[in-house]
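Remarks on the structure that follows.
In what follows, chains carry the letters A, B, and so on, assigned in the order in which the sequence lines appear, proteins first and then strands, with residues in each chain numbered from 1.
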2 protein chains.
Amino acid sequence: MTRPLVTILDDEPEIRRLLTDVLEEAGFETLSFGRARAFEAALAKRTPDVCLVDLSLPDTDGLTLVHRLALEQGAVVIIISGRAQVQDRVTGLELGADDYIIKPFDPAEVVARIRARLRSPKPPASSGNTARFNGWTAHFDRYVLQDDTGEEVPFSHAESEVLRLFLESPKRLISRAQMQTSLGGAASESFDRAMDVRISRLRTKLREDPKNPQLIKTIYGAGYIFLGDVTWS
Amino acid sequence: MTRPLVTILDDEPEIRRLLTDVLEEAGFETLSFGRARAFEAALAKRTPDVCLVDLSLPDTDGLTLVHRLALEQGAVVIIISGRAQVQDRVTGLELGADDYIIKPFDPAEVVARIRARLRSPKPPASSGNTARFNGWTAHFDRYVLQDDTGEEVPFSHAESEVLRLFLESPKRLISRAQMQTSLGGAASESFDRAMDVRISRLRTKLREDPKNPQLIKTIYGAGYIFLGDVTWS
DNA sequence: AAACCATTGTAACAATTCGTAAGGATTGAG
DNA sequence: CTCAATCCTTACGAATTGTTACAATGGTTT
């Protein structure tokens, strides 16, 4: 539970198994995925400390994923790739990866490099932490909402996940299933009303009129739409 | 702002010249040495930001040097070695090196890896043991916190580890798992509550309001964020 | 329109996670 | 060995979040 979480994203099951074994042995918690979508779904549940990513994935642009991981999530990102070209390594590192390991790799070296990265912390996130919308300013670094008069309303981590999802996709329908996977991962099978409760609590903090919400609108049978005009800074 | 200083320690003149050229081109200041003794003499003058070290040096034990550089000087240490054995890399990284590049190397990759390391600045270890933040000055050499009025509050070693971790990564979510590895890392199992206690004591010394902490914020289920504006010196 | 079912809102409760006081184990100095 | 300092462990109260239950709402059928 308190061991560092390492996520493995690679489409080869053998690689996943090898890494899982050696990392568990080394005292890490592991989660492995073969597809980027499943991986992203799990991200919100618990931010991993280290992400091992293979770039040659079938269903996404790996470099974009690396960029988002490194900058927004603040995780240590290590690319593991069969592409041995120097240019690949350089661009991978420039995009924010913390290390680049070439296949075939030695498991012991992977462990050593992970440990080396965990020793030195990452710099503070400089941007992408604040969003303004309709009289509110959301400070995701401080977990605080600020209204026009400067009054502050704190929000929790669970609420921040929902709010961030809305603010990243304003004026677009977000289905319940989308939220579920985006926030809860492969959660409980029986209906997860936790999402509704999160949104309910968020609405309260945004001082929405329950009868006539202006910002978070419910689309019966489909999902939710966030109707604010969002500016990130 | 001055350009980052990269020192090159390698007994092959050609390698030194190649690295010097490419690093100067990339916007770094460089100093190169063929012997460890000359290198150490130069250390006293100005601590480099990055040290490129070849392990197979004639006049010293390279690994010891790496260890001292990494721990005492707080520089980024990158080993460049012809020894390709995995075990060499693992021990090099475990001794505190931040990266390990194998000869023959591509200059562009060396530059990319240096840049990647400089993105996350290493904590100043022996030089620069003082950090200022929000009305406080932390003296890690004396284990003392000083407030604006000059009043001093001593803190213990355990507290200093936590505080240092926070001051190195301000405004970033730090997971408990991350803390565990950063603070000694060994697999003491029920470490979880001890961490809470450390933070609790630190908060008391920083005179935080337990109901509304301004500096060390708890993110339920996720970790902690230190919200100070930190300047190291 | 009324009746009916599906979906959503939310209050109340339970489970989980966190804060911290108190006591005991460990370490180091004399 | 004793004492003192430090730090881990334990234990219990507090805060946050998920779950359940039921009311309210929207849509559909009769």
Side-chain angles (χ1 to χ4, degrees), chain A residues 1-3 5 44-47 143-145 153-163 173-180 183-226, chain B residues 143-144 153-164 173-180 183-226:
Chain A
M1 200 269 290
T2 54
R3 297 181 301 167
L5 174 62
K45 193 162 193 176
R46 175 177 165 196
T47 302
Y143 287 79
V144 159
L145 272 166
V153 181
F155 57 84
S156 71
H157 186 62
E159 283 152 9
S160 84
E161 290 186 330
V162 181
L163 182 58
L173 177 72
I174 300 175
S175 76
R176 208 168 261 281
Q178 238 169 315
M179 284 196 153
Q180 208 84 320
L183 301 186
S188 48
E189 292 310 319
S190 62
F191 256 18
D192 202 354
R193 308 300 311 283
M195 191 60 54
D196 302 59
V197 177
R198 284 192 187 189
I199 287 172
S200 169
R201 288 176 179 150
L202 190 55
R203 275 177 170 152
T204 306
K205 297 206 171 171
L206 288 171
R207 302 179 196 142
E208 293 266 76
D209 174 13
K211 301 288 179 185
N212 186 24
Q214 296 300 301
L215 287 170
I216 302 174
K217 204 143 187 171
T218 304
I219 310 301
Y220 185 93
Y224 297 93
I225 292 186
F226 183 81
Chain B
Y143 287 83
V144 159
V153 182
F155 56 84
S156 71
H157 183 66
E159 283 152 10
S160 84
E161 288 188 327
V162 181
L163 181 59
R164 185 184 283 276
L173 185 88
I174 301 175
S175 73
R176 294 170 110 78
Q178 241 168 318
M179 289 196 164
Q180 187 174 336
L183 311 188
S188 163
E189 207 30 67
S190 59
F191 206 30
D192 35 351
R193 318 299 292 128
M195 185 63 56
D196 296 343
V197 175
R198 286 191 185 189
I199 287 171
S200 171
R201 295 201 178 115
L202 192 54
R203 275 178 171 149
T204 306
K205 298 204 172 171
L206 288 172
R207 300 177 197 144
E208 292 266 76
D209 173 13
K211 299 287 179 186
N212 186 25
Q214 294 301 301
L215 286 171
I216 302 174
K217 199 147 184 173
T218 303
I219 311 303
Y220 185 98
Y224 297 92
I225 293 185
F226 183 81

Using whole Å, report how far [atom1] of [X] lies from [atom2] of [N].
X	N	atom1	atom2	result
B:E159	D:dC7	CD	P	7 Å
A:R198	D:dG18	CZ	C1'	9 Å
A:I225	C:dT8	CD1	P	13 Å
A:L202	D:dT17	CG	C1'	14 Å
A:I199	C:dT8	CD1	P	10 Å
A:H157	D:dT17	NE2	P	9 Å
B:D196	C:dT20	CG	P	10 Å
A:R193	D:dT25	CZ	P	15 Å

| query | Using a cut-off of less than 4.0 Å, is there contact between a side-chain N or O of B:S156 and OP1 or OP2 of D:dC7? | reply | yes
| said: Please tell me if B:R176 has a side-chain N or O lying less than 4.0 Å from either OP1 or OP2 of C:dC18. | reply: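 Yes.
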| request: Kindly indicate whether the side chain of A:R201 and the base of D:dG18 share any N or O donor-acceptor pair separated by less than 3.5 Å? | output: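 Yes, a donor-acceptor pair under 3.5 Å.
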| Pair of N/O donor and acceptor under 3.5 Å linking D:dT25 base with A:Y220 side chain | no
| query | Please walk me through it: do A:F155 and A:V162 pass side chain to side chain contact (heavy atoms under 4.5 Å, CB included)? | reply | CA-CA 11 Å; A:F155 57 84; A:V162 181; over 6 Å; no
| task | Using a 4.0 Å heavy-atom cut-off across all strands, classify B:Y224 as base, sugar-phosphate, or nothing. | result |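 Result for B:Y224 = sugar-phosphate.
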Okay, side chain of [X], backbone of [Y]: is any donor-acceptor separation there less than 3.5 Å?
X	Y	value
B:Q214	B:E208	no
A:E159	A:R201	no
B:R203	B:I216	yes

| note | Assert: residue with more 5' nearest nucleotide on DNA chain C, out of A:T218 and B:T218, is A:T218
| task | Check each residue of residues 203-217 of chain A for a non-hydrogen atom within less than 4.0 Å of any atom in DNA chain C, then write out the ones that pass by number, or none. | result | A:R203, A:P210
| task | Could you work out which one of D:dT9, D:dA21, C:dG19 sits closest to the side chain of B:S200? | result |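 For the B:S200 side chain, the nearest candidate turns out to be C:dG19.
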| query | Shortest non-hydrogen contact from A:L173 to A:A222? | reply | CD2-CB, 4.1 Å
| Nearest heavy atoms of A:H157 and B:Y220, plus distance in Å | CB-O, 3.9 Å
| said: Between A:Y224 and A:D196, is the side chain to side chain contact (heavy atoms under 4.5 Å, CB included) condition met? List the steps. | reply: CA-CA 10 Å; A:Y224 297 93; A:D196 302 59; 3.8 Å; yes
